[in-house]
Engineer: 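Would you mind keeping the following structure in view while I ask a few things?
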Amino acid sequence: MRPRLHRAALVLGSALALACGAPAAGAEEWDGLPGGAGRDEVYGICGACHSLMIVKQQGLSRDAWEETLDWMVEEQGMPELDRDTLDLVIDYLAEHYGVDKAGAARP
Ligand code: HEC
């Protein structure tokens with residue numbers, strides 16, 4: 001029913017306003033995704049279906065990320081991304097959540 005939905009939206013709105021009330025900080029903005037080209041896309045596209053935690057906990061090579069996203073499209077119903085967006089997303093993931101980031105201490 002519309003009025004109820006509307007109220008829920010208002011409540012959510014004020015919760016968000018509260019959460020964002022304190023400026024700066026920023027640590028948990030974007031669910032903790034580091035800044036950089038591709039962050040908007042990863043946040044918007046991947047966060048639409050599941051927690052970004054599931055993304056952040058991976059440490060995959062570029063190829064493995066590409067395979068994961070193919071799988072996301074073929075089996076999980078992710079809308080196929082155009083080549084440019086896909087490259088942007090994969091570059092971002094490989095840079096921030098690549099094999100080196102999973103614990104190995106390579107420079
Ligand atoms: C249409 C919904 C949808 C979108 C959009 C989506 N995913 Fe997923 N993703 C899923 C589902 C559903 C699962 C859980 C599959 C399972 O565990 O059976 C999943 C699981 C995963 C996993 C865990 C894989 C594993 O080995 O357990 C990763 C990593 C992942 N997604 C990354 C991404 C990334 C990165 C994006 C954005 C580019 C993305 N997903 C976008 C639906 C989606």
Side-chain angles (χ1 to χ4, degrees):
M1 271 197 175
R2 281 224 166 271
R4 271 226 213 116
L5 270 179
H6 192 69
R7 196 150 19 141
L10 280 179
V11 170
L12 187 64
S14 16
L16 281 174
L18 272 180
C20 305
E28 278 316 294
E29 268 183 274
W30 301 96
D31 274 349
L33 291 180
R39 175 173 69 172
D40 281 21
E41 286 74 11
V42 168
Y43 186 78
I45 299 168
C46 317
C49 280
H50 47 63
S51 158
L52 291 167
M53 191 56 76
I54 206 175
V55 176
K56 291 191 293 181
Q57 72 195 3
Q58 308 286 324
L60 303 175
S61 68
R62 203 176 191 287
D63 285 354
W65 271 120
E66 181 138 19
E67 275 169 32
T68 301
L69 297 199
D70 281 350
W71 175 71
M72 212 56 54
V73 170
E74 280 158 25
E75 304 290 336
Q76 314 303 336
M78 184 174 91
E80 201 167 350
L81 306 178
D82 63 66
R83 192 65 234 181
D84 287 352
T85 309
L86 187 61
D87 279 340
L88 188 64
V89 163
I90 290 176
D91 284 347
Y92 179 89
L93 293 169
E95 179 175 346
H96 297 287
Y97 304 105
V99 275
D100 296 354
K101 318 291 173 184
R106 266 209 284 145

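Please read all numbers here as calculations on a predicted model, not as lab measurements.
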Engineer: With side-chain hydrogen bond (donor to acceptor under 3.5 Å, both in side chains) as the rule and sequence neighbours excluded, what pairs involving residues 64-74 come up?
Structural biologist: Glu66-Arg83
Engineer: Tabulate below the donor-acceptor pairs under 3.5 Å that side-chain atoms of residues 37-51 make, not counting sequence neighbours, or state none.
Structural biologist:
unit_1, atom_1, unit_2, atom_2, d
Arg39, NH1, Leu33, O, 3.4
Ser51, OG, Met53, N, 2.8

Engineer: What's the spacing between Met78 CE and Glu80 CD if we round to 0.5 Å?
Structural biologist: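 If I round to the nearest 0.5 Å, the distance is 8.5 Å.
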Engineer: CD of Gln76: more than 12 outside heavy atoms within 6.0 angstrom?
Structural biologist: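 Correct, the count exceeds 12.
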Engineer: Indicate yes or no: at least one non-hydrogen side-chain atom of Leu93 is less than 4.5 angstrom from one of Arg62.
Structural biologist: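 Not in contact.
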Engineer: Mind listing the closest non-hydrogen atom pair of Pro34 and Tyr92 along with its distance?
Structural biologist: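 Closest heavy-atom pair between Pro34 and Tyr92: O-OH, 2.5 Å.
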Engineer: Output all residues satisfying side-chain hydrogen bond (donor to acceptor under 3.5 Å, both in side chains) with Asp82, sequence neighbours left out; order by chain, then residue number.
Structural biologist: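 For Asp82, the residues satisfying side-chain hydrogen bond (donor to acceptor under 3.5 Å, both in side chains) (neighbours in sequence not counted) are Thr85.
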Engineer: Answer with yes or no whether the hydrophobic clustering places Val73 together with Leu88; edges join I, L, V, M, F, W, Y residues whose side-chain heavy atoms lie under 4.5 Å apart.
Structural biologist: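 No, no single cluster joins them.
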Engineer: Give a yes or no on whether Leu52 and Trp30 share a hydrophobic cluster (residues Ile, Leu, Val, Met, Phe, Trp, Tyr; joining criterion: side-chain heavy atoms under 4.5 Å apart).
Structural biologist: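 Yes; tracing contacts between hydrophobic side chains, which count when under 4.5 Å, links both residues.
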